[in-house]
Undergrad: 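There's a structure below that I have some questions on.
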Amino acid sequence: MRIALIDNSEDLKNQTRDEGCVCSDCYIKKGSVYDKKFCVLNHALICSNIIKKYTYDNVNIIARKVFESDNLQCSLKKLIKELKWCEKNDIQIINLSLGSIVPRDFEQLNSICKKLYNKGIIVVAGISNNKHITMPACSKYSIGVEVDESLKNDSYYWNRDSNVFSASGVHNLRIDENYNFTTPAYSSFAVPMITAKVVNIVKENSDTEMATVINELRKRTKRKQENKNVLISHCKIEIPIIRVVGNKQIAKNLTRLFRKKNYNVLYDGGSMETKNIFNIYNTYGCDMIIICGNGNGMTIKEDICVEVDKNTIKIIAKDEKKSKALFFFKSIRVYMYLKKF
């Protein structure tokens with residue numbers, strides 16, 4: 001079984017990194033004394049040790065470096081490139097202790113996750129430590145992991161009606177005969193523990209269907225399932241919602257136009273579920289939502305509809321009572337008039 005660990009290093013042998021500190025608030029215990037001067041550790045190595053700690057047999061972990069700087073920043077382009085590499089190189093499970101909280105990245109990450117899902121590749125990805133909506137963890141094509149600070153070791157539980165699990169980020173790791181390492185309660189250390197559980201399930205069942213794996217994870221939870229879901233909320237969206245029907249490129253162009261004018265636009269190409277749009281609205285200060293297509297059963301109603309066919313473009317303002325909606329309606333009309341498409 002080939003497991004991809006997309007992280008900060010391709011080296012799983014050296015404990016330290018020359019570039020600097022990765023986990024500044026981790027603790028190394030020597031006897032009864034905690035010493036912080038040993039905190040410059042290889043994040044990828046820590047994650048691989050967590051996977052090995054909780055898997056039954058030896059696993060083949062292939063480390064891929066995705067971070068481009070010492071402060072653990074990664075571009076969307078680089079992340080998608082590594083995910084495509086996994087698709088082409090017979091990877092069965094991907095451990096991804098990172099993701100994007102930027103709404104404009106969501107569609108591309110959801111799209112690549114769907115491709116991996118259709119090929120039977122399981123993505124286990126982390127939700128941000130601040131519990132923000134994070135992709136690809138919140139994609140329906142991946143297994144999402146959020147940290148629960150009250151848990152330790154391999155404890156976890158399932159968040160109902162979702163593919164998200166709450167798990168422990170605290171793990172005791174033996175670095176060598178003198179030092180024991182305890183990870184802090186971070187999402188990035190909760191992810192590899194769930195990855196290990198996924199590895200065990202796949203080995204036992206010889207089945208990489210994500211639905212099978214999720215059902216088994218639910219059955220094996222060590223704590224009563226809590227009736228909560230970080231992805232579901234019920235709120236009224238107060239910002240303008242624009243739906244474009246008949247031409248996806250126009251929807252993209254409108255999104256690009258308003259983003260250039262420094263508006264925070266959430267774009268949905270038709271793949272996002274209503275509950276995720278509600279939560280992105282709750283979490284971020286979006287200025288508008290642009291939805292492409294008829295919505296596939298989506299319950300969100302638009303304020304402005306742009307209907308496109310071969311010969312005409314109709315712009316319909318369905319709720320001019322929203323001052324912002326009326327403003328954007330006029331902006332779209334001017335944009336069309338100037339023929340910037």
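Note that these values count all heavy atoms, side chains included, but never hydrogens, waters or copies made by symmetry. Counting from 1, the numbers follow the sequence of the chain as shown.
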Undergrad: Which atom pair, heavy atoms only, marks the closest approach of Leu151 to Ser166?
TA: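 It is CD1-O, 3.9 Å.
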
Undergrad: Over all heavy atoms of both residues, which pair between Val145 and Ala167 is shortest? Give the atoms and the distance, please.
TA: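 Looks like CG1-CB, 4.0 Å.
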
Undergrad: Find out whether Arg220 and Tyr156 are in side-chain contact, i.e. whether some heavy atom of one side chain is under 4.5 Å from a heavy atom of the other.
TA: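 A side-chain contact under 4.5 Å exists here.
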
Undergrad: Can you check whether Leu79 reaches Leu109 side chain to side chain, under 4.5 Å on heavy atoms?
TA: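 In short, these two side chains touch, coming nearer than 4.5 Å.
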
Undergrad: Roughly how far, to the nearest 0.5 Å, is the CG atom of Asn200 from the CG atom of Asp57?
TA: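 The distance works out to 7.5 Å.
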
Undergrad: How about Asn110 and Ser139: does a side-chain donor come under 3.5 Å of a side-chain acceptor?
TA: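 Asn110 vs Ser139: donor-acceptor pair found between side chains.
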
Undergrad: So which atom in Lys248 and which in Glu107 form the shortest heavy-atom distance, rounded to 0.1 Å?
TA: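 Looking at all heavy atoms of both residues, the closest pair is NZ-OE2, 3.7 Å.
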
Undergrad: Does Ser155 use its side chain to pair, donor to acceptor, with the backbone of Lys152 at less than 3.5 Å?
TA: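 Yes, the answer is positive, given that a donor and an acceptor are paired below the 3.5 Å cut-off.
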
Undergrad: Decide yes or no for Tyr267 and Cys292: does some side-chain heavy atom of the first lie under 4.5 Å from some side-chain heavy atom of the second?
TA: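 A side-chain contact under 4.5 Å exists here.
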
Undergrad: Not counting sequence neighbours, which residues clear side-chain hydrogen bond (donor to acceptor under 3.5 Å, both in side chains) with Asp105? List them please.
TA: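 Once residues adjacent in sequence are excluded, the partners of Asp105 under the side-chain hydrogen bond (donor to acceptor under 3.5 Å, both in side chains) criterion are Ser100.
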
Undergrad: Run the side-chain contact (heavy atoms from CB on, under 4.5 Å) test on Glu87 and Ile112 for me, step by step, so that the C-alpha distance in whole Å, both residues' side-chain angles and the decisive distance to 0.1 Å come before the verdict.
TA: CA-CA 9 Å; Glu87 180 187 7; Ile112 185 64; 4.1 Å; yes

Undergrad: Just wondering, do Met193 and His171 contact through their side chains at under 4.5 Å, heavy atoms?
TA: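 Counting from C-beta outward, His171 and Met193 do come under 4.5 Å.
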
Undergrad: Taking atom CZ of Arg256 and atom CD of Gln249, what is their separation to the nearest 0.5 Å?
TA: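 Nearest 0.5 Å value for the CZ-CD distance: 6.0 Å.
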
Undergrad: Taking all non-hydrogen atoms of both residues into account, name the closest pair between Asn60 and Met1 and its distance.
TA: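 Reported closest heavy-atom pair: CB-O, 3.3 Å.
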
Undergrad: Do you know the tightest heavy-atom contact between Ile91 and Ile121?
TA: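 Residues Ile91 and Ile121, closest heavy atoms: O-CG1, 3.3 Å.
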
Undergrad: Measure the spacing between CG of Asn163 and CD1 of Ile214 and express it to the nearest 0.5 Å.
TA: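 Here the rounded value is 3.5 Å.
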
Undergrad: Measuring from Tyr157:OH to Leu217:CG, what's the distance to the nearest 0.5 Å?
TA: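 Between atom OH of Tyr157 and atom CG of Leu217 there are 15.0 Å.
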
Undergrad: Pair Ile62, Trp85 - check side-chain contact (heavy atoms from CB on, under 4.5 Å), show working.
TA: CA-CA 12 Å; Ile62 301 164; Trp85 181 92; 4.0 Å; yes

Undergrad: With no hydrogens and no angle check, is any side-chain donor or acceptor of Thr134 less than 3.5 Å from a backbone partner on Ser128?
TA: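 Checking the backbone N and O of Ser128 against the side chain of Thr134, a donor-acceptor pair under 3.5 Å is found.
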
Undergrad: Using the rule given for side-chain contact (heavy atoms from CB on, under 4.5 Å), can you reason through Val66 versus Arg64, listing the C-alpha separation, both sets of side-chain angles and the distance that settles it, and then say yes or no?
TA: CA-CA 6 Å; Val66 72; Arg64 301 288 297 177; over 6 Å; no

Undergrad: So how far is it from Asn153 CG to Ile50 CD1, rounded to the nearest 0.5 Å?
TA: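 Asn153 CG to Ile50 CD1: 11.0 Å, rounded to 0.5 Å.
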
Undergrad: Examine distances only and state if a side-chain atom of Ser187 and a backbone atom of Asn129 form a donor-acceptor pair shorter than 3.5 Å.
TA: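 A pair under 3.5 Å: no.
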
Undergrad: Do other residues, nucleotides or ligands put more than 12 heavy atoms under 6.0 Å from Asn58 CG?
TA: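 No, not enclosed.
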
Undergrad: Please test Leu254 against Val265 for side-chain contact (heavy atoms from CB on, under 4.5 Å), starting from the C-alpha separation and ending with a verdict.
TA: CA-CA 10 Å; Leu254 280 175; Val265 184; over 6 Å; no

Undergrad: Do Tyr117 and Phe165 land in one hydrophobic cluster if side-chain heavy atoms of ILVMFWY residues count as linked below 4.5 Å?
TA: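 Same hydrophobic cluster.
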
Undergrad: Any salt bridge between Glu216 and Lys219, counting N to O under 4.0 Å?
TA: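 Between Lys219 and Glu216 there is a salt bridge, with a charged N closer than 4.0 Å to a carboxylate O.
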
Undergrad: Provide the closest heavy-atom pair for Cys47 versus Pro192 in the form atom of the first, atom of the second, distance.
TA: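 In terms of heavy atoms, the two residues are closest at O-CB, 3.5 Å.
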
Undergrad: Which distance, rounded to the nearest 0.5 Å, do you find between the CD1 of Ile143 and the CG of Leu96?
TA: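 So the gap between those two atoms works out to 12.5 Å.
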
Undergrad: For Val59, give me all partners under side chain to side chain contact (heavy atoms under 4.5 Å, CB included), at least two apart in sequence or on another chain.
TA: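 Once residues adjacent in sequence are excluded, the partners of Val59 under the side chain to side chain contact (heavy atoms under 4.5 Å, CB included) criterion are Ile3, Ile51, Lys52, Thr55, Ile61, Val199, Lys203.
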
